[in-house]
Each structure stands twice: as C-alpha cells, then as structure tokens.
Amino acid sequence: MSTETASAAEQVAVPPPAGWEEARSRVYAVGLAAALPAVSRPLADADGHTLAEPLATRTDLPAFPTSSVDGWAVRGGGPWRIVGRVLAGGNPPPLAEDGTTVEIATGAMVPDGVTAIVRVEESTRTADGRIAGTPRPSPEWRRPGEEAYAGEELLPAGTPVDPAVIGLAASCGHDALRVRRPPRAALLVFGDELLTSGPPADGRVRDALGPAVPAWLRRYGCQVRPADVVGPVADTLPAHVAALRAALTTADLVCTTGGTMHGPVDHLHPTLEALGADYVVNTVAVRPGFPMLLARLADPDGRVRFVAGLPGNPQSAIVALVSLVAPLLAGLQGRPMPALPHATLAEPVPGRGDHTHLALVRLDRAAGTAHPVRHVGSAMLRGLAGADGFAVIRPGTTGEPGARVPVVPLPLFPGERSW
C-alpha cells in the first residue's frame, strides 16, 4: 500500500453508526423503491417468485355446485326412479320430475332440480329397481362461491409464490401470474489470508463465508450461480474495482466479505467511491457486526444495483445478512418488511451499551422461549450452527429472564413457513 493511500485512509472520517432499527427501515425503503420489474410467468415457472399484483379468482369457487360424496342426486320424495348418471367433468341436464334420481360421483356437477343427495352407502334398492334412503339434513354438495366469489382477492401483492399458491392460482383459472423474479446475487470474498481448502495453518485461516453466504442468500430467495462466487480477491484496489465492476454487470446485489473498515488493506470504501456508489448505510450500531454497510449504484438507464459489505468475521457477516440484506431483498421483491416474532428469554442476555445486541438463541417453540447459546464470538460459527435466530436486546437495556424480546429468525429454505 502506498504512503499516499495510507495517509488518505488515516484521514477518512467514519460517520456515526445508524441505529439498528433505523438501518433496517432505510434499506427496506430503498429496496422497495428499486423493486424488480413485474413479469408474466407460466404457473410451472412461478415457484420462488413474488406476486406483483393481488391474486383474485376468475370465477366463483367452486364455479358450480359439485357433489361432495358418491351417491344419488334425487328430486322430491322417494323411492326414486333412476334416470341417468352424472360423472365429474359432465354438464348434466336438469332433473325435471319428482321421484327421479341420477347416480352422481364425487366432484360431479349437481343438476338443476336436485333437492338432496343420498350417500351410496346409505341407500338401498327396492324390488322394482328404484333407490331408497334418507338424505342427511345438510346438503351433500359444495355451493358456488363457498370458498370465494368471482373477483375476490385471495392473496395480496408481495406474497411469495410456493406450491400452495401455484395450486390456488390454478384452481382460480389462472394460467400465468404477474410476479417479480428472484433477485440475482453474487459474492466477492476479500482477504489474502484466506484458504479455500484444507485446515487453517501458517497464519492463514479457512474461508468459511465463501461456501456459506451463497446458501444463506438462496434461503432469502436469491439466485446465486457457482460462477457468481469469486475469491479470494487480491488485496489491491485495482483487483477490488475490477471484481466488483464485473459482478455488477449481472447481479442485482453483490455481497462482499471483509474490508469494511479503513485498515491498510481494506479497499471496499475506495472501490465504492471509484464506482460512484452512494451509501445507504455505513456502519450500524449493533454488536456483533458493527462495520457493515449497504451502498447503491444507479446507471444512467435507471437500473439500480446494491453492494452489501459484510464484515470478515463470520458471525458478524451473518448479523449483517439478517440486518441489512434480508430487508433489502424483501423490498426488491416487493414483499412486506419482515415482521419479527417474539419469544420469552429463559436466561439473562447482556446488553451492549448504546448498541443493539443481536444474541444467538435456540428456540423452544412449544414453550415460546429463547435460550442463549455458547460460542458466540464474532469470529465463531459453532454457536450459530446450533441456533435458530438472534434475540434483539435494544440499546440501553439488558435481557432479563422472562422478558419478551423480538427475535430475528435465521432464514429457512424458500417457501418454508416461519415459526
């Protein structure tokens, strides 16, 4: 590093950190303002996308009265003379005369004129071949609009599309959906001290974030290809600028690991300056994970991309993911700001002064309690591997046993339901 570069780094004035809740709100807002464009996708290709407009049914559900049992659709009093059969998929003529019946299958359209359905297992045949039985008091068919009326909004825009949503859309008569595609993400790993295989040795440590961060990003709904993971990138400013410029050609979001401070080989800040990026958040008052950042780049054509600077310490990097990347991605996909569930602390959790403390916890879902885990240093991953999320201990407080606190859940597989 040259003397001129070192002197410039020493003169950098680091802004005061943003509050954790303020930072989350800020990055969600810029993500929502840059939400990915809506596209039309066939149902078979919509899994993992996000509804760009409300899902409404095109007809009543069901669209016509359908039998909920196998049996006999009858008119008037019995015994009833058999005049036909109705199977699913048919459009039967009306049942015009009292004392008549048609055999009916589950899911078949109930003919006009039917007054009741007798279950097949509750019917008998008379000597002359007619059907006898007693209908149950409640109708044995589904009425039009029982589930929804034509035009009724079933799901709001911003709903993640999963197999259940696809099935519902098909039942409503849709062949395609207006959706926002999953964001494309890339990862740049910084640090000459990193090994990409084998055990750590001779002053070099194993890169834990290169293999892990793409998997976290996929759980947040991103598309990350193997070719989108690059590194370790050489600890020089030209190498950082070239790597970030290349990643931004295809990615909506580029995450970087390390280099978020202003040390002698921390080149992320000058790289962002060289590329004309604007800071959305530059450091956050949270522990662990303080030196995180999110920057925004806008092309002349209006295309917006983002760079999330994750700290090099592994647990701090994951704190940055749940703090900045998760709300940004929610905004980009047009989804609501992630709501935080609450749990009751089973043990004390220390505060971190004027910083928010994100404390790794294991959740007892049956009891609704959160239990702190061990091995939670910012460079450690052992505690993270046994945790379900982070308890939020707000600035100026401590987490006392019995206190109800927000919990930031670790992301699940796309489409999985949160606890």
Side-chain angles (χ1 to χ4, degrees), residues 17 19-21 23-24 187 194 199-200 205-220 255 257-258 260 284-292 308 310-327 329 338-414 416-419:
W20 183 75
E21 292 180 337
R24 280 170 54 84
L187 174 68
L194 299 175
V205 297
R206 180 67 185 271
D207 171 32
L209 295 175
V213 169
W216 290 116
L217 290 171
R218 292 187 189 102
R219 281 161 172 76
Y220 281 123
C255 292
T257 65
T260 52
V284 179
V286 63
R287 299 289 182 174
F290 160 78
M292 63 179 74
L310 315 181
N313 277 328
Q315 192 196 151
S316 294
I318 307 308
V319 169
L321 278 174
V322 303
S323 299
L324 298 184
V325 174
L329 292 173
L340 301 183
H342 285 65
T344 301
L345 291 177
E347 303 170 40
V349 177
R352 291 294 186 96
D354 57 358
H355 283 51
T356 297
H357 182 195
L358 293 193
L360 280 170
V361 292
R362 175 181 53 80
L363 298 171
D364 182 333
R365 290 170 172 80
T369 52
H371 301 255
V373 299
R374 299 175 58 197
H375 308 291
V376 294
S378 61
M380 298 180 180
L381 289 174
R382 182 175 174 181
L384 182 71
D388 297 302
F390 296 89
V392 181
I393 310 302
R394 291 191 167 94
T397 69
T398 59
E400 300 298 329
R404 293 280 292 173
V405 297
V407 176
V408 184
L410 291 170
L412 303 171
F413 288 100
E416 279 191 282
R417 308 292 183 179
S418 167
W419 67 283

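Fair warning: this is a prediction, and the values are worked out from it, not measured in the lab.
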Task: With sequence neighbours excluded, residues passing side chain to side chain contact (heavy atoms under 4.5 Å, CB included) with A326 - done: Y220

- [ ] Grab the two heavy atoms, one from P406 and one from R394, that are nearest each other, plus how far apart they are.
- [x] CG-NH2, 3.7 Å

- [ ] Would you mind listing every salt bridge (charged side-chain N to carboxylate O under 4.0 Å, His left out) that reaches into residues 344-355, with sequence neighbours excluded?
- [x] none

TODO: For R287, enumerate each residue passing the side chain to side chain donor-acceptor pair (under 3.5 Å) test, keeping only those at least two apart in sequence or located in another chain.
DONE: none

TODO: Can you sort out the partners of P348 under side chain to side chain contact (heavy atoms under 4.5 Å, CB included), two or more places apart, ordered by chain and number?
DONE: P401

Open item on the list: I'd like to check V322 versus W216 (side-chain heavy atoms, cut-off strictly below 4.5 Å). Are they in contact?
Closed with: no

Open item on the list: Strictly distance-based, threshold 3.5 Å: is any side-chain N or O of R24 a donor or acceptor partner for the main-chain N or O of W20?
Closed with: no

Task: L217 and C255, any side-chain heavy atoms less than 4.5 Å apart - done: yes

Open item on the list: Going by side chain to side chain contact (heavy atoms under 4.5 Å, CB included), name the residues that satisfy it together with P291, two or more places apart in sequence or in a different chain.
Closed with: T260, M261, P311

Would you be so kind as to tabulate the donor-acceptor pairs closer than 3.5 Å made by side chains of residues 370-386, with sequence neighbours excluded?
unit_1, atom_1, unit_2, atom_2, d
H371, NE2, T369, OG1, 3.1
H375, NE2, R382, NH1, 3.3
S378, OG, N313, ND2, 3.3

TODO: Locate the shortest heavy-atom distance separating A23 from V284; write the atom from each residue and the value.
DONE: CB-CG2, 3.9 Å

Which donor-acceptor pairs under 3.5 Å do side chains of residues 356-363 form with protein atoms, sequence neighbours excluded?
unit_1, atom_1, unit_2, atom_2, d
H357, ND1, P350, O, 2.7

Task: Any residue meeting side chain to side chain donor-acceptor pair (under 3.5 Å) with T397, in chain and number order, not counting sequence neighbours - done: none

Task: Contact check, side chains of I393 and L345, non-hydrogen atoms, under 4.5 Å - done: yes

Open item on the list: Going by side-chain contact (heavy atoms from CB on, under 4.5 Å), V392 matches just one of V408, V407, V286, V405. Which one?
Closed with: V408

TODO: Could you tell me which residues satisfy side chain to side chain donor-acceptor pair (under 3.5 Å) with R404, sequence neighbours excluded, listed by chain and number?
DONE: T344

